[in-house]
Protein chains: 2
Amino acid sequence: MNQISEFAPRTTLHEELVGRLRDMIFSGELKGGDRVPEQKLCDMLGISRTPLREALKVLGNEGLLELLPNRGARVATLSEADIDEIFPVMGALEALSGELACARLTDAEFAEIRALHYQMALHHTRRELADYFRVNQHIHECILKAAANPTLEVQYNALAGRIRLARFRANMTDKRWDQAMREHEEMLAALEARDGKKLSEVLSRHLENKRETVKQAIREGTGEAHGPAVAYD
Amino acid sequence: MNQISEFAPRTTLHEELVGRLRDMIFSGELKGGDRVPEQKLCDMLGISRTPLREALKVLGNEGLLELLPNRGARVATLSEADIDEIFPVMGALEALSGELACARLTDAEFAEIRALHYQMALHHTRRELADYFRVNQHIHECILKAAANPTLEVQYNALAGRIRLARFRANMTDKRWDQAMREHEEMLAALEARDGKKLSEVLSRHLENKRETVKQAIREGTGEAHGPAVAYD
DNA sequence: TGCTATAAGATTGTATGCAAAAATCAACAA
DNA sequence: TTGTTGATTTTTGCATACAATCTTATAGCA
């Protein structure tokens, strides 16, 4: 029996490992730049190298790991240049998700997003940053879900995962936070009006500001050890 | 020595296999729906199952193969619903590539694209479909390259690869072909003017028409055996 | 001291073996 | 004929073994 899950779900080991390693990266257990020694991980997880290596190849293909032939895997790191490269693509995808979401959004889905929005607004007024991030991320997930396009979801999440490699606790200025909140007000309005063009425009702008926040976090945090990755907004 | 390449390039076997299998899928050597028997492929390629399986996992993650636990891999097939799901995402990415390309395009790059454009126009007037497709694809590659965003390139090509699973020889009507050619005229004009908004709009529209062509090809070609995948335009 | 060269050790890449699951097929009954 | 059961074969999933490559530590030399 492997030590990963007590009640083995209907999945293969390598597949489970992909998820497990992803979590280890996002949680900070494996930090950017760390080498990923196969044998050590195998001992730790109680498995053999074969399924682990299959998982490493997949994560390498996703851009979360850097695979150096004959020299093992490293957790990928993110430069400011990488951010500038990834964010425009995410922006295009998120804009699309806004358009599709507006076209398909049910009243029930909108109601849920609105509820989350006000919950988030409350966290904003109370200056509860962590809670704000959590709900914020949930809202974006809801919009993406509402777009009802699994391919879009996969592609977007792949990029969002790479961004999460920049695991520096977000430190939004009050000014930027207020701005983000205003943008979310616009989003809600656009969603209610089912105005896809408007929503995609707001989302693009929103992401543009987010990019600066992330870049600044990278600049300030370079070299330091940190906790789990957080959402930026 | 493995039988894949005479002069082993500086790469690992599994990586080479990813490319090799991709080619086999695109060339039609492995057709959509085919099972991919590990042992048989290993014998054929003169390798063992371990690196092959690593490659299969990667291609599964890319969506070119469908991995069924304990039941092996199948070459993925493409339904019309899949097309409708993938094309909007490609559209968003191609629109972005147009905007970025306009922002960065050098005069030399534009000159090359213009040359290709006129070459393609010649193939169009002569009704040389295959040549038209080839040059057409080259033009789109040039625009993508000009965008100078590797992440965008990777994501776009991943989707383009999945579309190529619909390996039916394109059968454009003359009407649609003429329309595509007019769209390319608009593209060239937008590129020359470095009008990113305009180019991204034309590219989106262009892709929308392409979607219909591909869907029609799927409808007409279902079940038949075909040659290598072709570009659609 | 600082550099190169070389050899030992560690790590990765690939092949093989074995157990478990699925697919196939044959016998049989309805 | 059709459908069901069970044994046999095939195929996959994982573990292990061996080979190739890289890393490092050390010795020799200028």
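Below, chains carry the letters A, B, ... as their sequence lines are ordered, and counting in each starts from 1. The basis for the numbers below is simple: all heavy atoms, side chains too, and nothing from hydrogens, waters or symmetry mates. In this text, all values refer to a predicted model and were calculated from it rather than measured experimentally.
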Rounded distance in Å - [atom1] ([X]) to [atom2] ([N]):
X	N	atom1	atom2	result
B:R49	D:dT16	CZ	P	16 Å
A:K40	C:dT11	NZ	C1'	11 Å
A:N70	C:dA10	CG	P	18 Å
A:L13	D:dA15	CG	C1'	11 Å
B:R74	C:dA23	CZ	P	9 Å
A:D43	C:dA10	CG	P	14 Å
B:L68	D:dT10	CG	P	21 Å
B:K57	D:dT12	NZ	P	10 Å

Is [X] near enough to [N] that one of its side-chain N or O atoms lies under 4.0 angstrom from OP1 or OP2?
X	N	answer
B:S48	C:dA15	yes
B:R71	D:dT12	no
A:R53	C:dG13	yes

Note: for A:Q39 and A:T50 on DNA chain C, the residue whose nearest nucleotide lies more 5' is A:Q39
Distance check, rounded to the nearest 0.5 Å: A:L30 atom CG versus A:R22 atom CZ?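 Atom-to-atom, A:L30:CG and A:R22:CZ are 13.5 Å apart.
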The side chain of [X] is closest to which nucleotide in this list: [options]?
X	options	answer
A:P51	C:dA15, C:dT14, D:dC14	D:dC14
A:I47	D:dA15, C:dG13, C:dA22	D:dA15
A:R35	C:dT12, C:dT14, D:dT16	C:dT12
B:T12	D:dC14, C:dA21, C:dG13	C:dG13

Would the distance check show the side chain of [X] and the main-chain N or O of [Y] forming a donor-acceptor pair, the cut-off being under 3.5 Å?
X	Y	result
A:N61	A:K57	no
A:E109	A:T106	yes
B:D82	B:S79	yes
A:N149	B:E85	yes

